[in-house]
Amino acid sequence: MPEGAYRWFVYAELALALVTFVALLFVVAPYGGRHGRVGWGPTVPARVGWIVMEAPAPVLFVAFFLLGSRRAQLVPLVFLALWLVHYVYRAFVYPFLMRSGSRMPVLVMALAIAFNTLNAWVNARWISEYGSYPVAWVADPRFWIGVALFAGGLTLNARSDRTLRRLRRAGGGYRIPNGGGFRYVSSPNYLGEMIEWTGWAIATWSLAGTAFALYTIANLGPRAVANHRWYRSTFPDYPPERRALLPFVL
Ligand SMILES: NC(=O)c1ccc[n+]([C@@H]2O[C@H](COP(=O)([O-])OP(=O)(O)OC[C@H]3O[C@@H](n4cnc5c(N)ncnc54)[C@H](OP(=O)(O)O)[C@@H]3O)[C@@H](O)[C@H]2O)c1
């Protein structure tokens, strides 16, 4: 595919970020759990939904990456490794660790599969074909700053996921999470995810990476606000100083 045609996929992802942000200001996506609602059609167990909707992200990324003429170069391979660390965790580890018995609408799962397919194409094709990353890129500060943000964001995301999981260890329903990033915000897992993909955008210094970072912010920002409202209305003793997403700010 000529690069001019590929660019339209990147523009489509940027447009999707905008549409998603506006739509989620009015509707909270019912992935399941506390925001689950009837009226979204048939559902599947959330664990199944997570595996099926996230699996295309690592599997198709590898397939698209291997199509690229730069697939054997060092820096593209480092980016491939970063992507896989996140998505093998999200698609094949996280769902098996989940303690939730909630269900996910098939519609949400289908939309996520479509997005993950587009996003894998946009990012994998950039990394291994249209972008150019000579070995000297590893000495560029943008690479190191981006990789450091990616690693820090992933750590915050996975640790916060673990804190939520442990709340369910003794059985029962929802509780107030404490410790780690929860000292400052209600959704540190989302904040970690946003930092991670911002790091990816900086490390790859690309419109493709920027489109994904913006989509993540557009998708998880409104959801973080919805989670925060839910905590405040559900728990009268919810820590008043805790913010929704950005410590001390929002
Ligand atoms: N890149 C993206 O655009 C994107 C999109 C979506 C998700 N993600 C990532 O996927 C992960 C999961 O997302 P999510 O929206 O499902 O997160 P979430 O709403 O925080 O829920 C995560 C898990 O913890 C449970 N849980 C949440 N709060 C709890 C509480 N107070 N007490 C007990 N259990 C609680 C949930 O159970 P229930 O299911 O029963 O509520 C669910 O199993 C996050 O790390 C997020 O960053 C990324």
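One-based numbering, in listed order, for ligands and for the atoms of each. Computation of the quantities below employed the complete heavy-atom set of this structure, encompassing side-chain atoms and omitting hydrogens, waters and symmetry-equivalent molecules.
With a 4.0 Å cut-off on non-hydrogen atoms, Tyr89 does not touch ligand 1 at all. The part of Arg90 lying near ligand 1 is the side chain, judged by heavy-atom distances below 4.0 Å. Contact annotation: for Leu220 versus ligand 1, heavy atoms closer than 4.0 Å belong to the side chain alone.
Looking only at atom types and distance, the side chain of Arg242 has a donor-acceptor partner in the side chain of Asn178 under 3.5 Å away. The closest side-chain donor-acceptor pair between Asn157 and Arg162, if any, does not fall under 3.5 angstrom. Counted by atom type alone, Ser160 and Tyr190 present zero donor-acceptor pairs between their side chains at under 3.5 Å. In summary, the side chains of Asn123 and Trp200 do present a donor paired with an acceptor at a separation below 3.5 Å, with no hydrogens or angles considered.
Short contacts between ligand 1 and Glu193, defined as distances under 4.0 Å to a heavy atom of the residue, involve ligand atoms 1 (N), 8 (N), 9 (C), 46 (C), 47 (O), 48 (C). Each of the following atoms of ligand 1 lies closer than 4.0 Å to a heavy atom of Arg175: 30 (C), 31 (N), 32 (N). Shown in contact with Asp161 at under 4.0 Å from a heavy atom are these atoms of ligand 1, numbered in order with element: 44 (C), 45 (O). Below 4.0 Å from some heavy atom of Trp50 lie the following atoms of ligand 1, by number and element: 7 (C), 10 (O), 12 (C), 13 (O), 16 (O). Listed by number with element, the atoms of ligand 1 under 4.0 Å from a non-hydrogen atom of Tyr94 are 12 (C), 22 (C), 23 (C).
Cation-pi contact between Arg168 and Tyr174: present, with separation from the ring centre below 6.0 Å and deviation from the ring axis of at most 45°.
Taking a 4.0 Å cut-off on heavy atoms, Arg165 fails to register as neighbouring ligand 1.
Comparing heavy-atom distances from atom 37 (O) of ligand 1 across Arg168, Met194, Met104, Arg47 singles out Arg168 as nearest.
With respect to the salt-bridge test (charged N to carboxylate O, under 4.0 angstrom), the residues Arg183 and Glu241 do not qualify. Ion pairing of Asp161 with Arg166 is absent here, as no side-chain N (NZ or NE/NH1/NH2) approaches a carboxylate O to less than 4.0 Å.
A parallel orientation is assigned to the rings of Phe115 and Tyr215, their planes being inclined by less than 30° (bins at 30° and 60°).
Among the atoms of Trp197, none of the N or O lies under 3.5 angstrom from an N or O of ligand 1. Residue Asn189 has at least one nitrogen or oxygen atom sitting less than 3.5 Å from a nitrogen or oxygen atom of ligand 1, judged on distance alone. Residue Trp230 has no nitrogen or oxygen atom sitting less than 3.5 Å from a nitrogen or oxygen atom of ligand 1, judged on distance alone.
Here the side chain of Trp126 pairs no donor or acceptor atom with the backbone of Gly209 at under 3.5 angstrom.
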